[in-house]
Amino acid sequence: MSEAAFTAFPRRRGTLHAEGVALARIADGVGTPTYVYSAGALRARYRALARAFAATRATICYALKANMNLAVVRTLVAEGAGADVTSGGELFRALRAGADPARIVYSGVGKRDDEIDAALRAGIRLFNVESRAELRRLDARAGELGVRAPVAFRVNPDVDPKTHPYIATGLRTSKFGIPIDEAPDAYAEAKALPNLRVAGVDCHIGSQLVEVSPFADALARVRALVLELRSTGHAIEIVDVGGGLGVTYTDEIPPSADAYAAAVLGAVGDLGCEIILEPGRWLTAGAGVLLTRVLYEKGNDAKRFVVVDAAMNDLIRPALYESAMKIEPVEDVAGETRAVDVVGPVCESGDFLAKDRLLPPLSHGALLAVDSAGAYGFAMSSNYNARPRAAEVLVDGDRFAVVRTRETYEDLVRGESIPTEITG
Ligand code: LLP
């Protein structure tokens with residue numbers, strides 16, 4: 001099936017569905033706000049990417065940060081995905097979801113000893129090391145545990161990914177990785193450390209990239225580095241190209257999987273390396289919607305607002321990155337559209353899901369779906385304003401399952417106590 005062939009959220013008889021299940025049925029049964037994911041869409045995206053890289057030795061390590069729900073991770077793992085993790089917690093989740101440790105890579109600027117130890121014990125495929133200080137720490141921990149750690153340096157090629165500044169990571173000014181021109185010295189140090197095995201080179205320049213040229217530019221530099229490292233005796237067998245491939249939220253036209261693969265393989269395909277990919281958003285964004293109900297409509301002479309029961313604590317992307325995400329009524333509504341801000345109940349002016357969006361008149365209880373919310377949606381949610389976090393549902397064909405129950409008020413205070421010796 002091609003990327004476009006699977007319609008995860010079809011509109012049938014005027015009502016939006018997730019695969020074969022009416023979203024209204026899910027909202028009635030599970031309540032709102034609820035994230036709804038399509039298993040079929042996850043599989044179709046994974047297969048399209050795997051097919052684009054079929055001609056080479058490639059491992060798709062799904063970046064759990066985009067959506068770490070166990071059922072989502074399991075769906076991708078069942079297709080053959082490994083995992084890219086960024087914390088001990090994500091490692092725990094990847095393993096819990098059944099990911100093969102030999103297909104897990106660990107990236108992150110601040111790995112703690114306990115996190116390093118857990119990854120060493122699990123026997124993961126690759127540590128993407130982000131500083132020389134971390135390299136020494138990893139060597140010490142591996143020595144302590146009596147194992148050899150496979151390492152790559154995350155190199156920072158100083159390429160502008162042309163995306164939102166908060167999600168650009170490959171610039172000289174960013175906290176990630178080591179500058180690429182310092183890499184030869186850093187690899188020499190790695191080679192001299194007894195408990196490490198130099199295995200690859202890693203690079204991730206940013207997220208939501210909608211052009212291939214920054215990937216091609218960055219990887220051209222990585223290619224030159226691999227050749228230089230090999231000429232000084234390093235056995236480089238892996239190139240980890242990171243994640244970052246963008247998706248359509250409103251009118252972006254990101255490269256296709258095939259165009260992306262052509263750019264990656266054009267740059268590093270002749271090195272004879274295994275290619276590791278770390279896609280997050282591309283696999284999961286379009287596989288999810290956030291389902292929310294209208295509470296009130298209100299307005300004044302300057303503005304109209306639709307107040308819904310989902311808020312910035314459920315979906316922070318519009319507030320944090322000014323991301324414009326498409327919102328559609330679940331049931332077809334007659335009437336003239338007008339420009340509204342879709343806002344949540346949280347006590348912040350930054351609490352909006354959309355600004356100046358054309359929507360038809362919506363009455364109390366009407367359902368809205370925020371599209372392409374399967375990535376960095378629930379994963380970035382919080383309990384701000386003491387709001388229990390949303391439920392998550394996975395649909396497969398004409399069936400659905402709640403894969404995370406809605407939090408309760410008791411969940412909100414779990415772990416808290418009022419110490420009598422301090423407060424009387
Ligand atoms: N690998 C590394 C080392 C990363 O830092 C990231 C994302 C990925 C892979 C996956 O990137 P993706 O394929 O999803 O673009 N919260 C932001 C996105 C933050 C991305 C952080 N790193 C958003 O909602 O737009």
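Proximity of Pro279 to Ile60: side-chain heavy atoms (C-beta onward) are separated by under 4.5 Å at one or more points. Taking 4.5 Å as the limit, some side-chain heavy atom of Ile205 sits within range of a side-chain heavy atom of Pro214. The shortest side-chain heavy-atom distance between Leu196 and Phe127 does not fall under the 4.5 Å cut-off.
In terms of modelled atom types and a separation under 3.5 Å, the side chain of Glu252 and the main chain of Thr250 share a donor-acceptor contact. A donor-acceptor pair is defined here as one N or O able to donate and one able to accept, closer than 3.5 Å; no such pair exists between the side chain of Thr248 and the backbone of Asp251. Under a 3.5 Å cut-off, the side chain of Arg293 and the backbone N or O of Gly365 do form a donor-acceptor pair.
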Hey, mind stepping through Thr292 and Leu367 against side-chain contact (heavy atoms from CB on, under 4.5 Å) and telling me if it holds? CA-CA 6 Å; Thr292 180; Leu367 284 169; over 6 Å; no
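Counting only N and O atoms by type, the side chains of Glu278 and Asn128 include a donor and acceptor under 3.5 Å apart.
Residues satisfying the ring-ring contact (aromatic ring centres under 6.0 Å, His included) test with Tyr62, not counting sequence neighbours, are none.
In this structure, Arg317 satisfies the cation-pi test against Tyr249, with its NZ or CZ atom closer than 6.0 Å to the six-membered ring centre and inside 45 degrees of the ring normal.
Around atom CZ of Arg12, more than 12 heavy atoms belonging to other residues, nucleotides or ligands sit under 6.0 Å away.
For the pair Arg197 and Glu237, the salt-bridge criterion is met [side-chain N within less than 4.0 Å of a carboxylate O].
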